[in-house]
Amino acid sequence: MASLRALVLALLMGATALAQQTTFGVGRTPTAEEIRAWDISIGPTGEELPQGKGTVREGAQLYRSKGCAGCHGASAVDGRAPILKSKAPPNADVWARGRILPLRAPHATTVWDYINRAMPLNREGTLHPDEVYSLTAYLLFINDVIKEDEVLDATTLPRVKMPIGEDYARLPEWKPKSPRLKGYPQQQQQ
Amino acid sequence: MGAKRPDRRGFLKNSAALAGGLTFGAAAPALGQEQHGPQMIHEGKDQIAYGDRSRHVTSVRIAHGGRPSPDNWGLTFHIAAPLQDSVGVITPSSLHYIGTTRGSFLPDIDPKEHRLMIHGLVDRPLTFTMDDLKRFPSVTRLHFIECAGNRSSRRAKNVQETHGMTSCAEWTGVLLSTLLKECGLKGSATWFVAEGSEEVKGASSMPVAKAMDDVLVAYGMNGEAVRPQQGFPLRLMVPGFEGIFHTKWLRRIKLVDRYYMNYNDFGHLDRDPKVAALDYQIGPKSVITFPSAGQQLPGKGFYEISGLAWSGGGAIKLVEVSTDGGKRWNKAEIKGTAQRMAHARFGLMWNWDGKETEILSRCTDEIGQVQPSREQIAKYWNKPYDQTFSVPGLDNSIQPWKIAGDGSVTNGFA
């Protein structure tokens, strides 16, 4: 028994030593270019946005030439794909104006990110940065979020004030072993 | 091989005779038939390379929600698992439910070319090949996944339609925390974005606290490589979180200092913080899979009521079954040891008296969360409980099954 206990102890200590080891030295350091090429997640600060710029006018043309109108409709409300312009009056509560990406998104960067990674259908990832800036500008314009003459680029896009403002839920701070929502709808006393 | 056959035949003949002797007693004609033995399955090449199930077993997945999958856009691809036929807790890989971030087109990924890049707020950004990932200490765990759309409705005709958008498999891989330690996680990293390599590069934001707790970068599923429909060669397992977080075809993890509001995140946008919380971690949920709607009890007598229970909060601690419409609750037996964020199989022996009744199950998880009824949920939201009531967030409500006097079983919500 004693020797077995010693063996267990030795194994545990070995495991502890392994856990404390900082790294295994496995994996390769990617180059700055490799990171840039894959880093397409555009956060609210826009720090990942590429060079380039776009206008509402160019966006209106691209909306037709890139086939957006084919699925979303020429007026962005009359296609088979989700509508991209609200049918509700402009001053209504943004939550009452439909689940429309270029209107409801809390950040304009989300609109850019979405178009860049997911559109056009079956030709995803083929749009150039200028084209994504322009399409974003056009969709924000038709929802009265920006003016017709605004130019969007890596600096101006993250500054666009979205109509939702702060009126959306933040996720609760997640901790292990925490209930999804305290007291919902009943909880046993621990 | 040839020499072995007569032996096997002889064994079958003997065991048939033995079975006949024990079961049928003096039923001589039956014994005579048994002596010929069952017909053999023809052994072809397929039987050697990758085994098939019996042709008499016909349990299959179905398109979820009564809509075609893929739809005419090729976008919707939601496929439900046949829980009514399930035994134990593991869903066979071929029957595992499917929900795609978008699109039914599976990327055909050469694992030799596949890479996982971890970067952002780390000391050492790193790129891993599949071989690299297998050099790290591995873990093997049972975990369920459940789609946010897994909710029962009045129209649903069986448990596959009410609850089929969940499955449970044995997953093998490396803990994300191990990889993050390898990269040197910076203190400023509070969220991470996980991204797939499919056409839309589906991306979701998740808390680093979850990454350090139990998130798994999985390459194995039920003893073999993860299936393409489940993200071959690499998928993220985020135990207990809504299905969409379990990023398939995983190629990139970026450590960031805020919620990124990317592609999938927009779909999670809610106004009410309570609803947002209920759209995140999955609540305690259970369902009786036998007897369930669409099945038929041949008559009164003993049956084992059997079902599945799971929770995003941890392991299932207690399952109770009512056979009288919820008046009395009986503690069911949990088969084996319930695992964290995994389906648990429960059973309760029941002597049906042949009278009309309603059967239900409810579960409690290790942190004390109790599965609610729809009536309790409506009360929580101060809403009347009627046919128009829709459960906010992920629906984990109790499913009633009605049993008629003739033994037919139907959906209690109908």
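Proteins come first, then strands; the chains are lettered A, B, ... in the order of their sequence lines, and each starts at number 1.
Ion pairing between A/R117 and B/E195 holds under the 4.0 Å rule for side-chain N and carboxylate O. Between A/D93 and B/R271, at least one side-chain N (NZ, or NE/NH1/NH2) sits under 4.0 Å from a carboxylate O, which counts as a salt bridge. Using a cut-off of 4.0 Å between Lys/Arg side-chain N and Asp/Glu carboxylate O, A/K175 and B/D213 are scored as not salt-bridged.
In this structure, chain B has no heavy atom under 4.5 Å from any part of A/N116. For chain A, the nearby parts of B/K210 are the backbone and the side chain; heavy atoms of each come within less than 4.5 Å. Both the backbone and the side chain of B/Y260 come within contact range of chain A, each with at least one heavy atom under 4.5 Å from a heavy atom of that chain. Heavy atoms of B/N396 lying under 4.5 Å from chain A belong exclusively to its side chain. At a 4.5 Å heavy-atom cutoff, the contact between B/P125 and chain A is made by backbone and side-chain atoms alike.
Residue with the most contacts toward chain A among B/D132, B/D265, B/I118: B/D132 (heavy-atom pairs, distance under 4.5 Å). Per-residue counts of heavy-atom pairs under 4.5 Å with chain A were compared for B/R251, B/Q371, B/R124, B/Q281; the largest is that of B/R251. Interface summary for chain A: among B/G312, B/A276, B/S311, B/G283, the most heavy-atom pairs under 4.5 angstrom belong to B/G283. Chain A forms more heavy-atom pairs under 4.5 Å with one residue of B/A277, B/P273, B/G267 than with any other, namely B/A277. Note on A/D113, A/T110, A/L101, A/D39: by heavy-atom pairs under 4.5 Å with chain B, the leading option is A/D39. Highest contact tally toward chain A, considering only B/H268, B/K379, B/R252, is held by B/R252 [criterion: heavy-atom pairs under 4.5 Å].
One N or O on the side chain of B/E182 and one on the backbone of A/G25 form a donor-acceptor pair closer than 3.5 Å. Without hydrogens or angle criteria, A/R180 side chain to B/L278 main chain gives a donor-acceptor distance under 3.5 Å.
Looking at A/R28 and B/L126, their side chains never come closer than 4.5 Å, going by heavy atoms from C-beta outward. Counting heavy atoms from C-beta outward, B/I377 and A/Y184 have side chains that approach closer than 4.5 Å.
For an aromatic pair to be called close, the ring centres must be under 6.0 Å apart, and A/W174 with B/F241 satisfies this.
Within 6.0 Å of NZ in A/K85 there are 12 or fewer heavy atoms belonging to other residues, nucleotides or ligands. Remark: B/E375 CD is loosely packed, at most 12 non-hydrogen atoms of other residues, nucleotides or ligands lying under 6.0 Å away. The environment of NZ in B/K186 is crowded: more than 12 heavy-atom neighbours from other residues, nucleotides or ligands sit within 6.0 Å.
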Legend entry - Verdict with supporting geometry, B/L269 and A/W95, side chain to side chain contact (heavy atoms under 4.5 Å, CB included): CA-CA 11 Å; B/L269 194 67; A/W95 286 94; 4.0 Å; yes
Legend entry - Test side chain to side chain contact (heavy atoms under 4.5 Å, CB included) applied to B/F266 and A/R104, step by step: CA-CA 9 Å; B/F266 177 68; A/R104 192 184 278 187; 4.2 Å; yes
Inset, instruction - Would you please test B/T178 and A/F24 for side chain to side chain contact (heavy atoms under 4.5 Å, CB included) and show each step? - result: CA-CA 10 Å; B/T178 303; A/F24 294 98; 4.1 Å; yes
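Atom OG1 of residue A/T29 and atom CE of residue B/M117 lie 12.0 Å apart, to the nearest 0.5 angstrom.
Applying a 4.5 Å heavy-atom cutoff, the residues of residues 41-50 of chain A that approach chain B are A/S41, A/I42, A/G43, A/P44, A/T45, A/E47, A/E48. At a heavy-atom cut-off of under 4.5 Å, chain B is reached by A/I164, A/D167, A/Y168 from residues 129-168 of chain A, listed in order of number.
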